[in-house]
Amino acid sequence: MSREISKLRNIGISAHIDSGKTTLTERILFYTGRIHAIHEVRGKDGVGATMDSMELERERGITIASAATHTEWNGHPINIIDTPGHVDFTIEVERALRVLDGAMLVLCAVAGVQSQSMTVDRQMKRYKVPRLAFVNKCDRSGANPARVTDQLCEKLKHNAVMIQIPLGVEHDHEGIIDLIRMQACRFEGENGEKIVWGEIPEKYKIEAEARREQMLDAVSMFSDELMEAILEDKVTEEMIHVAVRKGTLSRDLTPVLMGSAYKNRGVQLLLDAVVRYLPDPTDVDNEAFRVGKDGEEETFILSNNDADPMVAHAFKLEDGAYGQLTYIRLYQGTIRKGDNIYNSRTGKKVKVGRLVQMHADQMEDIEVAHSGDIVALFGVDCASGDSFSDGTPVSVSSMHVPDPVISLAVVPADNKSQANMAKALNRFTKEDPTFQTMKDEETGDTLIMGMGELHLEVYLERMKREYSAEVTAGKPKVSYRETITQSTPFDYTHRKQTGGSGQYAKIVGTMEPSDDGEFHFDNKVSGGNIPTEYIPAVEKGFLSMLGKGAFVGHPVQGLRVILEDGNSHAVDSSDQAFQSAARACFREQYGRGKPIALEPVMMVSVEGPSEFQGEILSTLMQRRGIVQGTTEDDGFVRIDAHVPLSEMFGYATVIRSSTQGKAEYTMEFAKYAPAPAELTEKLVKEFAEKKAAGNK
Ligand code: GDP
């Protein structure tokens with residue numbers, strides 16, 4: 001099979017809920033010949049859009065799990081990674097973004113850039129994803145693609161440039177005017193499959209001329225050839241395409257296209273733009289880690305070359321009817337059916353029994369996958385985020401995974417539910433690194449932890465539906481942390497005589513706060529005062545104490561241990577002695593570091609009509625919010641504030657009732673911050689009570 005990687009496109013569609021992403025995806029699959037009928041979203045005809053494969057999703061009308069679908073447009077293979085819009089599932093979005101080369105930003109022509117678009121846009125920036133914008137719903141009353149383009153520039157700081165204008169809006173919407181071709185395009189036939197180009201109607205000519213000039217001005221910044229051609233009046237379509245592609249790839253330009261997915265207008269031209277302007281896998285540098293000759297970790301750029309050793313990344317797991325389905329992206333080399341591949345994390349070899357290309361919930365068996373491809377493996381046991389190679393340990397750079405900030409206790413109704421719950425939790429934690437489980441030592445209950453109320457709710461529902469686990473859930477609880485605020489030197493000797501042999505270990509150093517919230521262990525012991533083989537035991541000893549701090553009984557974060565000196569004994573020193581020394585030292589020193597309690601603080605963005613600015617502000621103020629920024633635009637206001645998560649329970653209802661349902665909000669973990677005195681007192685008291693109860 002011949003195959004040109006330069007033709008391949010791996011793209012994501014990211015959008016605010018309700019902007020029409022599902023409808024658009026459905027149309028794309030229809031025009032590319034993947035599906036043969038168009039279904040209404042939300043299953044009015046009982047079928048539902050092809051991309052929404054989970055029952056739950058259909059019901060909620062939001063896409064929770066990202067599915068990858070393969071299709072083809074004009075000889076270009078395209079993989080579409082569906083990225084969920086809801087912010088509680090941010091990790092899904094981030095994981096999808098990691099494997100994308102480019103993306104479409106779908107916006108509603110009426111609602112424009114909304115708070116969720118901003119969150120998703122921030123993530124795209126983090127992963128340096130080039131994108132183009134599609135302004136959907138041009139047929140709706142109030143549609144204004146030019147205004148949405150301005151918002152892209154002002155609110156998201158894009159250099160957004162319209163390469164089309166609508167051929168009428170609202171009731172008059174007929175199609176689009178292409179500013180590169182300078183022709184009008186209509187979409188005829190029952191499903192808009194017939195593309196009819198024609199002259200620009202007289203009444204749109206002046207606007208089209210003006211917008212083209214604007215477009216050329218912006219686009220010529222990326223091409224000297226085009227700039228000269230403009231002066232000499234010798235501009236060709238191809239020159240413009242080349243310049244737009246260049247600007248898009250460097251992320252200095254966002255071409256804006258438009259139409260109406262629902263009315264079947266503009267989708268084919270959007271596909272043309274995907275192929276023309278978005279990157280192929282070789283346009284993007286993807287980094288990976290491997291162990292170099294000197295034993296140190298080194299980074300290298302993955303080659304996208306089929307002849308190089310295989311490197312792949314598992315970005316999504318799904319529990320299908322036939323076992324675990326693992327979506328992978330290949331960054332170099334090939335995978336053939338029957339190949340043995342190595343999981344770099346576990347060091348285990350696995351055989352590729354079946355290799356498939358996915359189309360939502362249908363699949364197609366394939367023999368070989370090439371560099372750049374997104375395919376799925378069957379029955380391969382691994383976790384989401386694992387890397388595969390041909391034998392050498394290689395890891396595709398780790399993803400930004402935020403810590404869970406909320407937890408609740410789950411109690412199964414009976415033994416059967418208990419077993420099912422265990423199965424379900426095992427699966428979910430593999431699929432989603434921001435979803436974790438833990439045993440509550442005090443109560444013996446199982447705790448589930450995640451990024452927000454809705455995040456946990458979805459998993460509770462999935463437990464019930466997919467695994468028939470009947471569970472009762474406790475109240476959600478915020479995950480607090482604690483840390484020290486002062487540096488404290490230590491000099492600790494662990495000595496114990498038990499019968500014949502003894503235990504001896506001496507450690508000297510400093511415990512201090514670290515700025516990044518992580519645990520660090522710096523070994524500065526010289527002269528072999530502590531034999532190197534015992535150093536890891538010291539680190540392990542300290543690490544084992546971090547699960548539960550001595551101040552409020554929550555995990556300790558942001559600690560740096562500097563080990564400077566120590567002593568050992570030829571007979572009595574052991575791993576165990578050094579671990580015990582570290583633990584006892586931590587216990588003794590922790591209080592001297594002036595510990596404080598930390599609480600998770602969220603970045604909350606609320607958006608609504610300006611007349612509700614006062615109401616929105618007061619809901620945030622009542623929740624100890626600290627405003628980070630306010631933007632006003634066209635009768636809408638957006639307020640960004642840092643708000644402690646503990647104050648955010650039930651906020652959805654509050655914001656709805658205080659703004660007549662007209663404002664909406666998104667929330668994303670921002671940081672851990674010192675808890676105020678009152679809360680600290682409460683946590684200290686709770687911890688003391690728990691300890692007292694435990695001692696009875
Ligand atoms: P998603 O939440 O972004 O996936 O959006 P959906 O595709 O579910 O669409 C949300 C609603 O908008 C549905 O009722 C669609 O029928 C409707 N819709 C989608 N695209 C258009 C469009 O181009 N014009 C109009 N008028 N409605 C649309």
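This chain uses plain numbering: 1 for the first residue, then up along the sequence. Ligands are counted one by one from 1 in listed order, and the atoms in each one are counted from 1 as well.
Contact annotation: Lys263 has no heavy atom less than 4.0 Å from any atom of ligand 1.
Here the two rings, on Phe428 and Tyr467, have centers that are under 6.0 Å apart.
Using a 4.5 Å cut-off on side-chain heavy atoms (C-beta onward), Leu167 and Pro201 make contact. Within the 4.5 Å cutoff, no side-chain heavy atoms of Lys194 are placed close to those of Arg186.
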Self-check item: Step-by-step side-chain hydrogen bond (donor to acceptor under 3.5 Å, both in side chains) determination, Ser605 to Tyr665
Solution: CA-CA 5 Å; Ser605 304; Tyr665 79 102; over 6 Å; no
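For the side chain to side chain donor-acceptor pair (under 3.5 Å) test with Asn264, the passing option among Glu188, Arg27, Glu190 is Arg27; the others fail.
At a 4.0 Å heavy-atom cut-off, ligand 1 touches Thr23 through backbone and side chain alike.
Ligand 1 has no nitrogen or oxygen under 3.5 angstrom from a nitrogen or oxygen of Leu24. For Arg140, no nitrogen or oxygen atom sits less than 3.5 Å from a nitrogen or oxygen atom of ligand 1, counting backbone and side chain alike. Residue-to-ligand polar distances keep Ala15 apart from ligand 1: every N/O pair is separated by 3.5 Å or more.
Against a heavy-atom cut-off of under 4.0 Å, Ser19 is close to the following atoms of ligand 1: 3 (O). Residue Ser260 has at least one heavy-atom neighbour below 4.0 Å for each of these atoms of ligand 1: 22 (C), 23 (O), 24 (N). Annotation for ligand 1: atoms under 4.0 Å from non-hydrogen atoms of Lys21 are 1 (P), 3 (O), 4 (O), 5 (O), 7 (O).
Tyr327 and Phe315 have tilted rings, their planes meeting at an angle from 30° to 60° on a 0 to 90° scale.
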